[in-house]
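Just so we're on the same page: letters track the sequence lines, and every chain starts at 1. In this text the structure is predicted, and so the values were computed from the model without any measurement.
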There are 2 protein chains.
Amino acid sequence: MAERPGPQGGHGLLYLTDEQLRKGIEAMFFAYRGFTAAPDRILDEQDYGRAHHRALHFIQRSPGTTVGNLLDILGVTKQSLNRVLRRLMEDGLVEARVGREDRRERHLHLTEKGVALERALSEAQRDRMRAAYRAAGPQAVQGFRQVLEAMMDPEMRRQFDGDAKAGGR
Amino acid sequence: MAERPGPQGGHGLLYLTDEQLRKGIEAMFFAYRGFTAAPDRILDEQDYGRAHHRALHFIQRSPGTTVGNLLDILGVTKQSLNRVLRRLMEDGLVEARVGREDRRERHLHLTEKGVALERALSEAQRDRMRAAYRAAGPQAVQGFRQVLEAMMDPEMRRQFDGDAKAGGR
DNA sequence: CAAGATACGTCAGCCTTGTTGACACTCCAA
DNA sequence: TTGGAGTGTCAACAAGGCTGACGTATCTTG
């Protein structure tokens, strides 16, 4: 990163010029593309899209989560999510179990097949991220995470921080 | 994958557990949402979408850029881009001037009106980013940028690094 | 100059994934 | 037992990706 006097250069960042911010904006744009490229390729082969990936990811993360729960996390309408879930269930990747406490709820789980695909997807993405982390170094990763966290909506930040295993059931 | 003590811990990062990487992946997801939320609201009011924003952004960044150039950067098909550009030109936000050297080319420029919208959009986004930068601190910003850059496709990284004012080709 | 290559625009049609509207099932409380 | 709240589903539509096929200027080259 032998650019300019370095954003680190001692002053620089206190000003945060529009140009520096613009660079940051573009960095997010290009990086996000790189970040999704690998899983996108896999998804494409199986005629799935990013929406399916997101669903698989968050079900994997919190097995037994409900549809409503997923809606909150993903921030889409239930109709939109439903289409994706239906397909995943038809294809035998996801299973919906009627809630025992509250029979209105559907608790979502990955099947073996679902686990396999999710695994392939996340592995591709982790590889990419691992490579980026390695290239940038631990120090940088720390900062990366801090800025990302600060950029989230407060509500999402709670989702993100407090996760652990909120799945529930 | 038992939870490690703290991703924040100071060491830890040399291991890069799957769990840490998963967290990074989710952080990208949530942060990108936050990152696009503000401009999305503005765009919505005027019945534009993210596609229009991207076009405006990159025309602003390199005034006089050609259609083909934009295609490379955005990574979409010309039919798709054309739909967006046509609308922006109809609405008087973007102007296409026939190339002087090569009259086949169309050089794109923002009109006053286009500049105004682009400004509003990027200001909203810069505000967000500035806030995140401030919250995280200069050290973190440095790392943030390093990781993002490492995450891009090499090709995009060239776009990103070598910019300055690459305008024409 | 004729022929091919390039840059751009456009028509037609498809797909994914967002949206709203309407509705059905389940639970709970009055 | 009935109405409201929570949840899930179906139908229909829109934005914005995509491919394929052409048309039209405009270079460029044999």
Peer 1: Where do A/Asp91 and A/Lys113 come nearest, in terms of heavy atoms and distance?
Peer 2: O-NZ, 2.9 Å
Peer 1: Please check the phosphate of D/dG17 (OP1 and OP2 only) for any side-chain N or O of B/Arg54 closer than 4.0 Å.
Peer 2: yes
Peer 1: Any chance you could measure B/Met152, atom CE, to A/Met28, atom CE, to the nearest 0.5 Å?
Peer 2: 10.5 Å
Peer 1: Under a 4.0 Å heavy-atom cut-off, which of residues 35-53 of chain A touch DNA chain D?
Peer 2: none
Peer 1: Test your reading of the model: is there a side-chain donor-acceptor pair from B/Arg106 to the backbone of B/Arg104, 3.5 Å cut-off?
Peer 2: yes
Peer 1: How many Å lie between CG on A/Leu108 and P on D/dT7, as a whole number?
Peer 2: 13 Å
Peer 1: Shortest non-hydrogen contact from A/Ala55 to A/Leu85?
Peer 2: CB-CD2, 4.5 Å
Peer 1: Please report the shortest heavy-atom distance between B/Ala51 and B/Val84, naming the atom on each side.
Peer 2: CB-CG2, 3.7 Å
Peer 1: Using whole Å, report how far NE2 of A/His107 lies from C1' of D/dT7.
Peer 2: 12 Å
Peer 1: What integer distance in Å separates B/Asn69:CG from C/dC8:C1'?
Peer 2: 14 Å
Peer 1: Return yes if the base of C/dG13 and the side-chain atoms of B/Gln79 contain a donor-acceptor N/O pair under 3.5 Å, otherwise no.
Peer 2: no
Peer 1: Which whole-number value in Å describes the distance from B/Arg106 CZ to C/dT10 C1'?
Peer 2: 14 Å
Peer 1: What is the distance, to the nearest angstrom, from the NZ atom on B/Lys78 to the C1' atom on D/dC18?
Peer 2: 13 Å
Peer 1: Are OP1 or OP2 of D/dC18 and a side-chain N or O of B/Thr77 less than 4.0 angstrom apart?
Peer 2: yes
Peer 1: Mind listing the residues from residues 82-103 of chain B sitting with a heavy atom below 4.0 Å of DNA chain C? Number order is fine.
Peer 2: B/Asn82, B/Arg86
Peer 1: Verify, without hydrogens or angle tests, whether A/Arg33 (side chain) and B/Leu74 (backbone) share a donor-acceptor contact under 3.5 angstrom.
Peer 2: yes
Peer 1: Show the numbers, then the answer: is there a salt bridge (Lys or Arg N to Asp or Glu O under 4.0 Å) between B/Arg22 and B/Glu26?
Peer 2: CA-CA 6 Å; B/Arg22 187 186 69 73; B/Glu26 282 189 20; 2.4 Å; yes
Peer 1: Under the ring-ring contact (aromatic ring centres under 6.0 Å, His included) rule, collect the residues that match up with A/Tyr32, sequence neighbours excluded.
Peer 2: A/Phe35, B/Tyr32
Peer 1: Measure from CZ on A/Arg104 to P on D/dG4 and round the result to the nearest Å.
Peer 2: 15 Å
Peer 1: Do NZ/NE/NH1/NH2 and the carboxylate oxygens of B/Arg41 and B/Asp44 come within less than 4.0 Å?
Peer 2: no
